[in-house]
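Here the structure comes first, spelled out in structure tokens, and everything after it is commentary.
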Amino acid sequence: MPKLDLEIPLVNGCGTGSYLGIAYELEKMGIKLGAFVMKSGGPCSEIANVREEYRWEKEKKGNPNPTVVYTGSILLNSMALPTHPIESWVRELKNSELKMPIIGSVWGNKPEDYALLIEMLDPYVDAHQMNVSCPNKEAGEKSVMEFMTAQILAAVELAREATKKPLMVKLSPNENYVAIAELVKHHADHFVCGNTVGPGLVIDIYSRRPVLAGNYGGMSGPAMKPKIMKMVNDVYEVVKGTDVGIVASGGISRWEDIIEYSIAGASMFEVGTCAFIDLKGGTARGRKTEEIVKFTNDLWNGVQKFLKEENTTLDKLVGSMVKNG
Amino acid sequence: MDRNNQYVHTKIEKIIEHNESTRSFVLEDMFTSEPGQFGMVWLPGVDEKPISLSARNRITVRKVGPFTEKLFEKKEGQYLDVRGPYGRGFPQMGFSTLIGGGCGIPPLVYLFSKSGTPAQSFVLAGKNKDELLFLDEIIKIAEQSTHYQGHNIVAVTDDGSYGKKGFAADANIPEGSIYNLCGPEIMMKTVAEKLTAPVKEGGYETDPSKIYLSMERYMKCAVGICGSCSFSGKRVCADGPVFQYDEISSLPHFNEFARSRTGEITELKELRK
Ligand SMILES: Cc1cc2nc3c(=O)[nH]c(=O)nc-3n(C[C@H](O)[C@H](O)[C@H](O)COP(=O)(O)OP(=O)(O)OC[C@H]3O[C@@H](n4cnc5c(N)ncnc54)[C@H](O)[C@@H]3O)c2cc1C
Ligand SMILES: Cc1cc2nc3c(=O)[nH]c(=O)nc-3n(C[C@H](O)[C@H](O)[C@H](O)COP(=O)(O)O)c2cc1C
Ligand code: FES
């Protein structure tokens with residue numbers, strides 16, 4: 001199966017600034033991204049028959065606010081996958097004027113959901129991500145992460161049959177990702193390592209309630225990088241010698257992080273939290289579009305400068321870590 | 001000022017009742033902000049919503065649904081949790097004209113009152129006199145200003161209960177070097193169209209980059225990451241809420257579409273139902 005081969009192996013994080021209109025704006029302003037990852041679509045349909053046959057909903061609202069909280073060092077979110085009918089995603093994709101490749105993303109409640117969603121998006125995207133790792137949920141739900149550990153092999157096998165395009169499985173840092181990678185590595189082209197960490201809990205001392213309306217939230221940002229670095233390196237050990245590529249997703253905030261991730265074993269990189277939010281000075285401030293472009297382009301320019309100075313390539317760096325002892 | 005996970009936990013010093021559905025909350029403590037910026041007001045166990053500042057330490061709220069109803073149960077002496085400031089505000093320049101409709105007036109009052117801001121004119125538009133929020137305060141600020149000569153206060157109401165009868169675009173809008181607009185999107189669009197229209201058609205031939213509009217969309221994160229507040233490719237919380245007219249006038253979503261709470265692109269008139 002074909003691996004996704006991007007001119008620039010740097011993409012946005014899934015669900016972070018992940019609507020096509022935003023991508024289009026970023027592209028117009030000259031962002032250097034190899035592809036754009038759409039926000040995870042899911043098992044919701046506007047067609048009654050489809051809902052009945054597959055036990056899908058019409059839509060899923062996600063948690064009320066607050067959905068995001070910043071502690072001064074870690075960002076937590078409890079969006080919990082707000083989802084609209086997949087048909088309206090298809091309409092958006094059909095009307096897209098984006099030039100860069102699009103990576104689809106889907107989540108499901110059962111293995112068949114992934115296959116069907118991938119089939120529906122297939123004509124309009126260049127690769128697929130399977131989100132089997134979001135730790136967030138609404139009250140009374142199971143998170144995709146908890147649910148998938150049991151049925152992941154079936155889900156990935158069915159998804160593999162549903163598309164000939166590159167298939168990326170987004171693993172959770174909170175589960176036994178080494179065992180899961182072992183289990184499904186023959187059906188995937190890439191492993192995305194990882195998703196948000198935890199979930200974690202932040203309590204307001206006055207109301208004694210969790211700040212997040214969904215109580216717990218997946219953690220992201222630079223503080224999570226060492227955790228995900230180890231995950232990338234562990235999964236690299238699993239796929240070493242195969243064609244499976246690793247996509248690093250966690251806490252990238254400087255070009256050095258990309259080099260570090262490649263040494264750990266990654267050949268593609270996703271930047272989420274830090275591209276969209278300026279975390280300087282202990283506060284979280286949304287970046288304007290032109291700031292996102294500058295931030296992202298600086299990342300990529302920094303990588304290129306380093307490679308030139310060191311007279312090396314990313315390919316040569318992948319998995320080049322020299323372990324002690 | 002202490003912050004808990006970005007929130008300022010602040011006492012409600014005073015509540016001002018403007019009319020049946022509109023109240024101001026004057027707060028003891030507040031982060032520093034610029035006019036046009038907003039805060040996220042959190043009621044633990046209820047929800048958290050974007051609300052603009054109407055003064056350095058004041059918010060002005062219209063009761064429209066579950067969250068604002070709960071907020072209206074708050075009494076003086078009780079506390080609110082607010083984080084911010086978010087977004088980019090209005091430009092502060094001399095000889096500007098501020099045009100506010102209904103709930104769009106309060107953020108402009110903040111701009112109007114900011115000390116050091118030179119002569120500005122103010123156009124207030126509302127359904128009736130009760131909806132001309134802060135009319136007295138605006139007149140007082142103008143009278144006390146050293147630039148009083150330059151101030152020009154104009155009011156219009158839909159029912160003619162105060163000032164000329166008509167909508168904002170029907171008002172005799174004083175000319176300015178820039179225009180700051182805040183109110184319903186359709187009102188801002190109509191006014192901006194009039195300001196940019198040729199003189200011979202009753203317009204002002206204003207350069208569209210001199211017109212600023214304060215936009216609203218459904219907000220979740222308020223820090224530019226979730227995409228919920230995006231219209232076309234602009235994220236209101238991070239790129240706005242204040243935009244130049246030429247940045248947005250040709251975007252397909254302007255005055256037409258918004259993302260709903262699920263992220264679906266929806267016609268504005270559907271969402272208002
Ligand atoms: C940048 C910005 C500044 C604002 N400033 C003020 C202000 O100064 N004073 C004021 O009274 N109102 C302001 N609003 C609107 C205010 O956020 C809504 O009136 C409030 O969220 C309504 O909540 P509700 O539960 O009472 O009503 P609902 O029944 O939930 O909604 C009523 C209306 O409010 C809108 N709304 C609901 N939730 C949100 C949300 N999370 N984000 C944006 N809009 C929402 C809905 O689209 C609907 O049109 C502002 C909105 C934005 C985006
Ligand atoms: C607000 C927010 C929404 C997210 N939504 C999704 C999603 O829909 N699907 C998904 O696979 N990952 C989602 N993620 C996870 C990110 O794609 C990414 O894996 C994670 O945030 C770690 O990378 P970062 O530290 O660069 O943000 C989301 C993260 C955040 C902060
Ligand atoms: S509310 Fe603006 S991007 Fe999240």
Side-chain angles (χ1 to χ4, degrees), chain A residues 13 15-28 39 44 59-72 75 77 79 82-85 88-89 91-92 202-211 213 272-273 275-278 282-292, chain B residues 2-7 9-10 31 37 40-50 66-67 79-81 83-88 218-240 243 247-248 251-253 257 259-266:
Chain A
T16 59
S18 236
Y19 289 123
L20 291 172
I22 296 172
Y24 186 62
E25 195 75 14
L26 290 167
E27 188 172 74
K28 268 198 312 200
K39 174 149 186 73
C44 294
E59 59 176 31
K60 169 170 149 54
K61 286 204 159 68
N63 278 317
N65 268 355
T67 44
V68 163
V69 61
Y70 185 56
T71 62
L75 187 85
N77 90 81
M79 293 290 164
T83 304
H84 52 81
S88 56
W89 257 121
R91 281 195 294 274
E92 270 197 54
V202 178
I203 302 169
D204 173 53
I205 57 171
Y206 295 104
S207 62
R208 299 185 207 168
R209 284 177 183 269
V211 173
T273 302
F276 292 89
I277 309 179
D278 183 355
T283 61
R285 184 189 61 83
R287 290 186 195 274
K288 291 202 275 184
T289 303
E290 52 266 38
E291 288 176 69
I292 299 169
Chain B
D2 284 344
R3 292 220 188 186
N4 291 289
N5 303 306
Q6 316 290 314
Y7 290 91
H9 185 67
T10 174
F31 41 74
Q37 289 188 305
M40 293 298 280
V41 179
W42 177 39
L43 298 177
V46 184
D47 210 325
E48 180 194 48
K49 300 285 188 186
F67 175 83
Y79 282 78
L80 282 183
D81 295 277
R83 55 180 170 151
Y86 293 114
R88 83 178 150 157
Y218 197 94
M219 281 190 189
K220 291 191 176 182
C221 72
V223 288
I225 197 169
C226 75
S228 166
C229 68
S230 62
F231 68 105
S232 293
K234 304 281 186 194
R235 291 156 305 135
V236 172
C237 69
D239 291 314
F243 292 93
E247 285 180 281
I248 58 171
L251 296 177
H253 287 193
F257 296 98
R259 290 194 183 268
S260 69
R261 194 177 145 185
T262 64
E264 182 165 22
I265 296 176
T266 313

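Below, chains carry the letters A, B, ... as their sequence lines are ordered, and counting in each starts from 1.
Using a 4.0 Å cut-off between a side-chain N of Lys or Arg and a carboxylate O of Asp or Glu, R88(B) and E247(B) qualify as a salt bridge.
Contact annotation for A213(A): neither backbone nor side-chain heavy atoms come within less than 4.5 Å of a heavy atom of chain B. Looking at Y70(A), both its backbone and its side chain come within 4.5 Å of chain B, counting heavy atoms on both sides. If you measure heavy-atom distances from S207(A) to chain B, the contacts under 4.5 Å come from the side chain alone. C237(B) does not touch chain A: none of its heavy atoms, backbone or side chain, sits under 4.5 Å away. For S230(B), the part lying near chain A is the side chain, with the backbone staying farther off; criterion is any non-hydrogen pair under 4.5 Å. Within the 4.5 angstrom heavy-atom criterion, only backbone atoms of M219(B) (N, CA, C, O) approach chain A. Both the backbone and the side chain of K61(A) come within contact range of chain B, with heavy atoms under 4.5 Å apart. Contacts between N63(A) and chain B at a heavy-atom distance below 4.5 Å involve the backbone alone (N, CA, C, O). With a 4.5 angstrom heavy-atom cutoff, S228(B) touches chain A only via backbone atoms. Within the 4.5 angstrom heavy-atom criterion, only side-chain atoms of I292(A), from C-beta onward, approach chain B.
Here the shortest heavy-atom pairing between G227(B) and R259(B) reads O-CD, 4.0 Å. Contact between C221(B) and T67(A) at its shortest, heavy atoms only, is N-OG1, 4.1 Å.
In this structure, the side chains of F276(A) and E291(A) stay at 4.5 Å or more apart for every pair of heavy atoms. Proximity of Y19(A) to I265(B): side-chain heavy atoms (C-beta onward) are nowhere separated by under 4.5 Å. Counting only heavy atoms from C-beta outward, the side chains of R261(B) and P82(A) never approach each other to under 4.5 Å. Looking at K220(B) and V68(A), their side chains never come closer than 4.5 Å, going by heavy atoms from C-beta outward.
Between chain A and the options A238(B), G224(B), G84(B), the largest number of non-hydrogen pairs under 4.5 Å is found for A238(B). With respect to chain B, the highest number of heavy-atom pairs below 4.5 Å among G15(A), G21(A), A275(A) belongs to G21(A). By number of non-hydrogen pairs under 4.5 angstrom with chain B, the leading residue of T71(A), V69(A), D204(A) is D204(A). Between chain B and the options T83(A), V211(A), V202(A), the largest number of non-hydrogen pairs under 4.5 Å is found for V211(A). Interface remark: of the candidates R208(A), E290(A), E92(A), E92(A) forms the most heavy-atom pairs closer than 4.5 Å to chain B.
Below 30°, between 30° and 60°, or above 60°: for H9(B) and Y206(A) the angle between ring planes is below 30°, a parallel geometry.
No donor-acceptor contact under 3.5 angstrom links the side chains of T289(A) and E25(A), judged on distance only.
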